[in-house]
Structure formats: C-alpha cells, structure tokens
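Note that the numbering runs from 1 along the sequence shown for the chain. Computed from heavy atoms alone, side chains included, the values below leave out hydrogens, waters and symmetry copies.
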Amino acid sequence: MDLAALLLPALIPSWSSVVLLGTFFAYLAAAGSILPGKVVPGAALPDGSRLRYRCNGLVSLLLLVALLGLGAWMDFLRPTIIAERGLELLWTTFTFSTLVTLVLYAAGCNSTSDSSSLKPHLSGNLIHDLWFGIQLNPQFIGIDLKFFFVRAGMMGWLLINLSVLARSVQDGNLSLSMILYQLFCVLYILDYFVYEEYMTSTWDIIAERLGFMLVFGDVVWIPFTFSIQGWWLLRNNVELTTTAAIANCFVFLIGYMVFRGANKQKHVFKRSPKALIWGQPPKVVGGKLLASGYWGIARHCNYLGDLLLALSFSLPCGLSSPVPYFYPIYLLILLIWRERRDEARCAEKYREIWAEYCRLVPWRIFPYLY
C-alpha cells in the first residue's frame, strides 16, 4: 500500500511535467526550423522523390544546453529537476507517445496522398498498423516527425544525464564511475549530432514507417532506458580500479571506431560509389552492395560497434548487478531481430546479388562467431 501511494502520484502526469515536455518539444520545433544547418537530401523513395533534412541538431543542442545553463545560473530553474521527477516525466512522455501514435494512425487513414512518404499502408490488423505505423514520413507544420523524434530522444538522453550528474554533485557522491559513464555518453551523443546527416541513410529513416514502435522508441525508450546506468550510480557506489577504467576506455574507443567507421563508409559509398575505402577502390557485389572495409568483415559490422559502445556505458557500474546492463542486453536482442528483418528484406530485394554477398561475407555481426 505504501509503495502504491508513492508511485500513483508519479503515474499521473502533472501540469509541470506537461509544461516541461511541451516546452522541450516546442524549442526543438522552433530551433530545427530556424537555426542554420546543412540541408541534406534523403534517400530516393520508391516514387523517385527525396525528402530534405536540415541537419542543425548540434547547433540546437549546444544552444539548448547554454540556455539551460543560463537558467540554472540565474536560479530560474533547478538543474536537478529531471532527476527529481524522473518517473513522472517517464509516464508523461509515455502518454504523449501513445497519443501521437493514435493521431498518426487517424491522419494516415485519412490521407489521400499517393506519394511514398504519405501514402497509407494498411494491413487490416489494427495492432500491427498502430505498432509499425502506416505512413513512411508523416509531417506536421513542415517538420518531418520521424527525424524530429529521434533528435528529441538523443537530446532528452543527454538532458537526463546532465540532471543526474547535477544531482550526484549536489549529493556529494560524484565518482570515477559516474564521470566515465557521463563522458562516454556525452561523446557518443555529440558525435551523433556532428554526423547527423548520416541518420538520413539509416534503416529507420529509409524503410520503417512511423508508428508506436518508433515514437515510443525515440522519445521514451532511448532517453529513459539508455540512462539507467546513471540512475543506478546515483544510489550505488562503485570503486573502479585504474586497470578497469583504462580497459573501459579501450572498449569505448574500439566500439566508436567500428561504429562510426562502418556508418561513414556506408554513407559515403551511397553518395560516391567509387570513393576509396582504406586506400583501395571499393569491392562491390552486383554494382550495389559494398563488400569493402568494415562491410567486408561482417554484413552488419556497425551493429558490433554499437554493442561495444553500449557495453562501455555499463562497465563503469561494475559487475555487482545486472541492472546497469539492461541496455546492452536489450540492444543485443533488438539488433539481432533487426538484422534478421533486414536480411530478409535484402534477400527479397537483391536476390542472387544478396546470396553472392553472403557467400563473400559470411558473418552477420560478430566475425567468426555469428
């Protein structure tokens, strides 16, 4: 009964949490539309059209952090406010993602557009259509919602971490573990926005329709589950040895090298198919599939890098509990599932070319293991 009395108020969105979330989204919408940034054409859609994305996420993020820092310095807001209202904000964001999913479904059903972006794809199964969505790139007041939500999720993750860090400093329990976790996440998130244009050639943007799976995944799952390690370190003291800290840094650096290198090679190849890879002309199967560099080591080598990065975020928490390892464990399951779906799609799309590529590059994610 006491636990229910404690949790119930947090499960009812308060006006303050609604205002916080609404202000955050309003800022992102305004900043994304106004601030300068490189305009990048997206992948060609089935009807031959291309969407254009304004990649100003880094400027938007730096300005937001500066404004929040100024607000904290002027005592206009508390930097620990997110850490103090984590569960309440989680539930508010979940409610928001559910409402957005319903609006997207209704708008999609009423769409009469024949464009690849807005044409509704109804399967007849309500649960399936709500989960996966029925439109590829729905927009609101000129904003591509899929691109917008993933940007919101990555920025939200950083804001949660910074608030947790502020709470750790306030409580006087800042540790090497917390510093390493925060440093790795900051570098990863900043890197994402430095190379934001690479997002335009990813599976999510190109192939996935926008439904509950992506909306919830972007605005709820990314910020609130990727930050579990920080929340855990607030309440658990971990003493890392120098050797463990150095090893943790190596895991992060290797993961980053593989993750960023693989994604960059694929992105450059799609725009300049003859660009050199590791100083050599690219090996291409059937004129379409890259089999050089990281993509000659494993068919989804970028997933391997992502998994190593996820592991590096959890290693500062030590090995006393499985809780901080929720993210890498979940990511392993997700990426294997996504890899299977991607392989099936590629086998259908490329047929004998894909079969030849699989013979040339037999490993899916982990070289010599899987």
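- Within 6.0 Å of CH2 in Trp337 there are more than 12 heavy atoms belonging to other residues, nucleotides or ligands.
- The number of heavy-atom neighbours closer than 6.0 Å to NZ of Lys288, taken from other residues, nucleotides and ligands shown, is 12 or below.
- Leu183 and Leu233 fall within the same hydrophobic cluster, defined by Ile, Leu, Val, Met, Phe, Trp and Tyr side-chain heavy atoms under 4.5 Å apart, directly or through other members.
- Sorted by first then second residue, the salt bridge (charged side-chain N to carboxylate O under 4.0 Å, His left out) pairs that include residues 58-81, not counting sequence neighbours, are Arg78-Glu84.
- A salt bridge does not link Lys38 to Glu196: none of the charged side-chain nitrogens sits closer than 4.0 Å to a carboxylate oxygen.
- Of all the heavy atoms in Asn56 and Ala31, the pair that sits closest is ND2-O, 3.2 Å.
- Asn236 is linked by a side chain to side chain donor-acceptor pair (under 3.5 Å) to nothing, counting only residues two or more places apart in sequence or in another chain.
- Annotation: cation-pi pair Lys349/Trp354 absent, no NZ/CZ under 6.0 Å from the ring centroid and within 45° of its normal.
- Using a 3.5 Å distance cut-off with no hydrogens or angles, the side chains of Ser115 and Ser113 do pair a donor with an acceptor.
- Formation of a donor-acceptor pair under 3.5 Å by the Ser117 side chain with backbone atoms of Asn137 is not found in this model.
- Of the candidates Phe193, Tyr198, Tyr192, Tyr198 is the only one forming a ring pair (Phe, Tyr, Trp, His ring centres under 6.0 Å) with Tyr195.
- The hydrophobic side chain of Ile206 is isolated, with no ILVMFWY side chain under 4.5 Å apart from it.
- Leu122 and Val215 are not part of a single hydrophobic cluster, where members link through side-chain heavy atoms under 4.5 Å apart.
- You'll find the ring centres of Trp278 and Tyr294 inside the 6.0 Å limit.
- Ring-plane geometry between His128 and Phe132 is classed as tilted, the angle between the planes lying from 30 to 60 degrees on a 0 to 90 degree scale.
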Report the C-alpha separation of Leu45 and Arg50 in whole Å, then their side-chain angles, then the decisive distance to 0.1 Å, and conclude whether the side chain to side chain contact (heavy atoms under 4.5 Å, CB included) test is met.
CA-CA 6 Å; Leu45 300 176; Arg50 289 178 183 266; over 6 Å; no
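- A side-chain donor-acceptor contact under 3.5 Å links Ser163 to the backbone of Ile82.
- In terms of heavy atoms, Ala29 sits closest to Ile143 at CB-CD1, 3.6 Å.
- Formation of a donor-acceptor pair under 3.5 Å by the Trp363 side chain with backbone atoms of Arg299 is not found in this model.
- Contact detail for Val219 and Thr93: the closest heavy-atom pair is O-CG2, 3.1 Å.
- Looking only at distances, no side-chain donor or acceptor of Ser272 sits under 3.5 Å from a matching main-chain atom of Lys274.
- Note that Arg364 lies in the cation-pi zone of Tyr370, set by a 6.0 Å cut-off to the ring centre and a 45° limit from the axis.
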Between Tyr188 and Trp157, is a ring pair (Phe, Tyr, Trp, His ring centres under 6.0 Å) present by the stated rule, with each step listed?
CA-CA 11 Å; Tyr188 180 82; Trp157 179 17; 5.8 Å; yes
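- Classification of Glu356 and Arg351 as a salt-bridged pair fails, no side-chain N sitting under 4.0 Å from a carboxylate O.
- Among all heavy-atom pairs drawn from Cys317 and Trp232, the shortest one is O-CZ3, 3.4 Å.
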side-chain hydrogen bond (donor to acceptor under 3.5 Å, both in side chains) evaluation trace for Thr92 with Arg85
CA-CA 10 Å; Thr92 303; Arg85 302 189 178 190; over 6 Å; no
Does the pair Phe96 and Trp91 meet the rule for a ring pair (Phe, Tyr, Trp, His ring centres under 6.0 Å), with working shown?
CA-CA 9 Å; Phe96 169 81; Trp91 188 250; over 10 Å; no
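- Put simply, the side chain of Ser312 gets close to the backbone of Leu309: a donor and an acceptor are under 3.5 Å apart.
- Distance OG1/Thr80 to CG/Leu162: 12.5 Å, rounded to 0.5 Å.
- Counting heavy-atom neighbours within 6.0 Å of Phe250 CZ, excluding the residue itself, gives a total of 12 or less.
- Of all the heavy atoms in Glu88 and Ser16, the pair that sits closest is OE2-OG, 3.8 Å.
- In this structure, CG in Leu61 is found 6.5 Å from CG in Leu190, a value given to the nearest 0.5 Å.
- The shortest heavy-atom contact between Arg151 and Ser60 is NH1-OG, 4.2 Å.
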Does the salt bridge (charged side-chain N to carboxylate O under 4.0 Å, His left out) test come out yes or no for Glu197 and Arg54, once each step is laid out?
CA-CA 9 Å; Glu197 66 177 275; Arg54 185 183 295 274; over 6 Å; no
Mind listing the side-chain donor-acceptor pairs of residues 173-182 below 3.5 Å, one per line with the distance, residues two or more places apart or on another chain?
unit_1 : atom_1 : unit_2 : atom_2 : d
Asn173 : OD1    : Ser168 : OG     : 3.0
Asn173 : ND2    : Leu234 : O      : 3.2
Ser175 : OG     : Met178 : N      : 3.2
Ser177 : OG     : Val238 : O      : 3.3
Ser177 : OG     : Pro316 : O      : 2.8
Tyr181 : OH     : Asn161 : OD1    : 3.0
Tyr181 : OH     : Asn161 : ND2    : 3.4
Tyr181 : OH     : Phe226 : O      : 3.2
Gln182 : NE2    : Asn161 : O      : 2.9

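- For Asn302 (side chain) and Phe259 (main-chain N/O), no donor-acceptor pair under 3.5 Å exists by modelled atom type.
- Hydrophobic clustering keeps Val40 apart from Val194 (ILVMFWY residues linked when any side-chain heavy atoms are closer than 4.5 Å, directly or through intermediates).
- Pairs of residues two or more places apart, or lying in two chains, never qualify as salt bridge (charged side-chain N to carboxylate O under 4.0 Å, His left out) while including a residue from residues 123-148.
- Looking at Ser227, its side chain does come within 3.5 Å of a backbone N or O of Pro223 through a donor-acceptor pair.
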Set out, in order, the CA-CA distance, both residues' side-chain angles and the distance that settles ring pair (Phe, Tyr, Trp, His ring centres under 6.0 Å) for Phe94 and Phe224, then state yes or no.
CA-CA 10 Å; Phe94 173 80; Phe224 288 97; over 10 Å; no
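- One hydrophobic cluster, built from ILVMFWY side chains closer than 4.5 Å, cannot hold both Leu118 and Tyr105; they sit in different ones.
- Qualifying salt bridge (Lys or Arg N to Asp or Glu O under 4.0 Å) partners for Arg345, counting only residues two or more places apart in sequence or in other chains: Asp342.
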Set out, in order, the CA-CA distance, both residues' side-chain angles and the distance that settles ring pair (Phe, Tyr, Trp, His ring centres under 6.0 Å) for Phe149 and Trp221, then state yes or no.
CA-CA 12 Å; Phe149 286 140; Trp221 196 261; over 10 Å; no
